[in-house]
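Structure first, then comments.
Order of appearance sets the numbers: ligands from 1, and atoms from 1 within every ligand. Computed over heavy atoms, backbone and side chain alike; hydrogens, waters and symmetry mates excluded.
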Amino acid sequence: MNAPLNSSVTQRLASADGTDLSLVLDGRVLAEDFPILAQAVRKRRLAYLDNGATTQKPQVVIDALSQFYTHSNANIHRGVHWLSQHSTDLYEQARTQVQRLLNAPDSQDIIYVRGTTEAINLVAQTWGQSIQAGDEILVTGMEHHSNIVPWQLLCARTGATLRHARITDTGELDIADFKAQLNSRTRLVGIAHVSNALGTINPVANLVRLAHEAGALALVDGAQAVAHGSVDVQALDCDFYAFSGHKIYGPTGIGALYVRASILKDLPPWQGGGDMIHTVSFEGSTWATGPQRFEAGTPHIAGAVGLGAAIQYVMDIGLDTIAAHESALLARATEAMQEIEGVRLIGTAAHKAGILSFLVDGIHPHDLGTILDTDGVAIRAGHHCAMPLMSHFGIPGTARASFALYNNLQDVDALVAGVRKAQKLFGV
Ligand code: PMP
């Protein structure tokens, strides 16, 4: 694996030349690792603030993909030849990188999937085979659709009930309501580690403990968490942890699901085909042990290798360092937006990751997004696949700026200037 382009950590720390003094990392130096960020958009410098949707890719990840296809491509597991063994080694080494990222006890606790959505569907369809009429699944009111709809499908199939715990006006989970909804029928609790629409960081370890006390399992949706702070599935004590590679600077189409070993060993398969079997005969088949049982067919081998490179990249910088950097950006952006009359922040939890959702009086979020785009500022506008959460706030959607390690105060300034410009244009 190549070293990052600017591998000196000191070079990456915020420079003392004035503007970035309050930041932990120098986003401008790190941005040099990401070729797409050097590209002008609408003839302007790109301020990419749509990281909640997907992150850009550093050169090391692009190189890992290209080197895989140039030097290492072969199908895995089944081959006796050198290239096949080499590609299998790379695929399995990347699994170990995921294990390190999550501090999972063993690489065999990690199942490759297409992303968070597929991970949750996998749990709903495999573990979900034990669900019966009368059972309950509990989620929070701030979940992404991918942590709601698979459970609705499961409930429709089985006669189980999906419940949700309410959230407060600041966008925090109402823990009392969460506790009140847990009961002896609750079989699983689904919790976003970080809300994609609000940025709220949920007290996951505490919620997992409450779930376990009620006899339920706990699944954590880590899509918005893994790239923005360190995650330790053993400390969280969760049973399932899902994330997407593309939100942690890796390729699209690859992600991972951690499953507690004692649960994984008894999980039935969900997709049948090559690689997930031990033996096949017309009388019946037997299943592979470990994560292979859930990886039928040729997987996204190059994607896994790219994900491994992305994980190495963030771990080299340090996830706590990244968290501190993004937290400083969030604080500056929050302060600046609060100074603008007519701006309403949606989601003001005490513990937040680098996501700022807001509304501007008299301007539809889509119009705001379009105006910002003309100045090269990329944000997201809409319901953020969290329609029940938007209904809770009585709004159709929000404008959302979400930060990553390569952002800096210039990006925050561009966002704030864009909002003021939109207000002028709309005369509000
Ligand atoms: N959960 C959360 C909290 C998310 O933010 C997202 C992506 N926006 C998902 C799940 C789904 O991720 P993917 O589309 O990569 O499967």
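- Using a 4.0 Å cut-off between heavy atoms, Thr116 contacts ligand 1 through both its backbone and its side chain.
- None of Leu372, Val416, Thr374 except one satisfies the side chain to side chain contact (heavy atoms under 4.5 Å, CB included) rule with Lys421; the exception is Thr374.
- Heavy-atom distances between Glu118 and ligand 1 stay at or above 4.0 Å for every pair.
- The closest approach between Lys247 and ligand 1 falls below 4.0 Å for a heavy atom of the residue.
- Under a 4.0 Å N-O distance rule, the pair Arg45/Asp411 qualifies as a salt bridge.
- The contact set between ligand 1 and Gln224, taken as ligand atoms under 4.0 Å from a residue heavy atom, comprises 3 (C), 4 (C), 5 (O).
- Nearest to atom 12 (O) of ligand 1 among the protein's heavy atoms is Ser244 OG, 3.5 Å.
- Protein heavy atom nearest atom 3 (C) of ligand 1, with residue, atom name and distance: Asp221 OD2, 3.4 Å.
- With a 4.0 Å cut-off on non-hydrogen atoms, Glu143 does not touch ligand 1 at all.
- Remark: Arg95 engages Glu92 in a salt bridge, criterion side-chain N to carboxylate O under 4.0 Å.
- The only member of Asp177, Thr140, Asp174 that meets side-chain hydrogen bond (donor to acceptor under 3.5 Å, both in side chains) when paired with Arg166 is Asp174.
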task: Apply salt bridge (Lys or Arg N to Asp or Glu O under 4.0 Å) to Asp237 and Arg209, showing your working.
output: CA-CA 8 Å; Asp237 199 28; Arg209 187 177 48 75; over 6 Å; no
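- Residue His246 approaches ligand 1 through these ligand atoms, each under 4.0 Å from one of its heavy atoms: 15 (O).
- Only the side chain of Ser146 comes within contact range of ligand 1, with a heavy atom under 4.0 Å; no backbone atom does.
- Atom NE2 of His228 is separated from atom CG of Leu330 by 12.0 Å, given to the nearest 0.5 angstrom.
- Taking the six-membered ring for Trp and thresholds of 30 and 60 degrees, Tyr91 and Tyr112 have ring planes inclined between 30 and 60 degrees apart.
- Ligand-side atoms of ligand 1 in range of Asn196: 3 (C), 5 (O), range being under 4.0 angstrom from any heavy atom.
- Looking only at heavy atoms of the protein, atom 4 (C) of ligand 1 is closest to His144 CD2, 3.4 Å.
- Of all protein heavy atoms, the one closest to atom 11 (C) of ligand 1 is Thr117 OG1, 3.5 Å.
- Looking only at distances, no side-chain donor or acceptor of His193 sits under 3.5 Å from a matching main-chain atom of Ala225.
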